[in-house]
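Working notes, structure below.
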Amino acid sequence: MTVGRGTRRLLRGVGPPLLVGVGGLVAWELTVTLGRVAPFLLPAPSAIGTELVDNRAVIWQVGLASGTNALVGLVAGAVLAILAAMLASRFDFLGEVAVPVAAALNALPIIALAPILNNMFESTSSIPRRSVVAIVVFFPVFLNTLRGLREVDPVHRELMTSYAAPGWTFTRLVRLPGALPFVFTGLRQASSLAVIAAVVAEYFGGRQDGLGSRITSAASYTAYPRAWAFVVGACVLGLVFYLAALGLERLTMPWRARRSG
């Protein structure tokens, strides 16, 4: 009975999105085929699928390169954001300064930032792309973590005060554990942004070993179904990052998964 209930729950959760996705692909295929849409405007899903199969080894290889850049930048940006949020929550004057600075970093466009960083390093260096990712993911992780660190239960605050606990002890034992839901909210947002930033940063020079450079290369040679195949690879990579962040959240806070279930 438990297995049957779990299966029904899985079908309810996965069935509707799957049906909508399949229906959308069928409508897309019919629109392109019957409407005779030009391939450079919108390739058919069947043509994109053929390119996915034919170029699966290349997509896997360049996906690993983009994924590595996204992962390194995500980890670096998240760690810096959490440390900055801890400092900002500990000292009020730093919080007043850090929030506008983080907002300014978030407003920096990738299109303007990536070429500048590429010119600062060698053409074979991956540092510019990883730096772009770190800058992009910094804001959502910092803002959510800072919000979580500031929302402390008054009872916990009074208890730690009665124990004369130092500020960093209070942060380590009370603030950080209480802020974990907010931290993972920021990480879930940043996981998808990391892939987007890594792929977009690859449009502007540097090593030609990522999904972004292959998309622009295929489009410049009018191989539009192949370019869309690389776009699909980027979408899958973003989904993998998001699911990894979601899985890490459930491993770190299993009680939330049990409560929601």
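For the pair V183/I82, a side-chain contact is recorded, criterion being any heavy-atom separation below 4.5 Å from C-beta on. With a 4.5 Å cut-off on side-chain heavy atoms, R130 and T68 count as touching. Counting heavy atoms from C-beta on, the side chains of F184 and N144 never come closer than 4.5 Å.
Residues L52 and A229 share a closest heavy-atom pair of CD2-O, 3.5 Å. A pairwise comparison of heavy atoms in E29 and A44 identifies OE1-CB, 3.7 Å as the closest pair. Smallest separation of non-hydrogen atoms from G238 and S192: O-OG, 4.2 Å. Minimum interatomic distance between A227 and A219 (heavy atoms only, all atoms of both residues): CB-N, 4.1 Å. Here the shortest heavy-atom pairing between P140 and L193 reads CG-CD1, 4.1 Å. Taking each heavy atom of A88 and L146 in turn, the nearest pair found is CB-CD1, 3.8 Å.
Residue L64 holds its CG atom at 11.0 Å from CG of N69, rounded to the nearest 0.5 Å. Note that the CH2 atom of W228 and the CD1 atom of I215 stand 10.0 Å from one another [nearest 0.5 Å]. To the nearest 0.5 Å, atom CD of residue Q61 and atom CD1 of residue I59 are 11.5 Å apart. Note: T33 OG1 to W28 CH2 = 11.5 Å, rounded to the nearest 0.5 Å. Separation of atoms CG (N118) and CZ (R129) is listed at 7.0 Å; rounding is to 0.5 Å. Atom-to-atom distance recorded for I196:CD1 and C235:SG is 9.0 Å, nearest 0.5 angstrom.
A single hydrophobic cluster is not seen to contain both V232 and Y242; linkage of ILVMFWY side chains at heavy-atom distances under 4.5 Å, directly or through other members, places them apart. Following chains of ILVMFWY side-chain contacts shorter than 4.5 Å, one cannot reach V79 starting from V72, and the two form parts of different hydrophobic clusters. There is a path of hydrophobic side-chain contacts, each under 4.5 Å, that joins V200 to V137. Cluster annotation: F230 is connected to L42 through the hydrophobic network of ILVMFWY side chains, with a link wherever side-chain heavy atoms come within less than 4.5 Å. In the hydrophobic clustering of ILVMFWY residues, with side-chain heavy atoms under 4.5 Å counting as a link, L187 and L239 come out apart.
With hydrogens and angles disregarded, a donor-acceptor distance shorter than 3.5 Å links the side chain of S66 to the backbone of L211. A side-chain donor-acceptor contact under 3.5 Å links R56 to the backbone of V53. Within the 3.5 Å criterion, the main-chain N or O of S213 finds no donor-acceptor partner in the side chain of S217.
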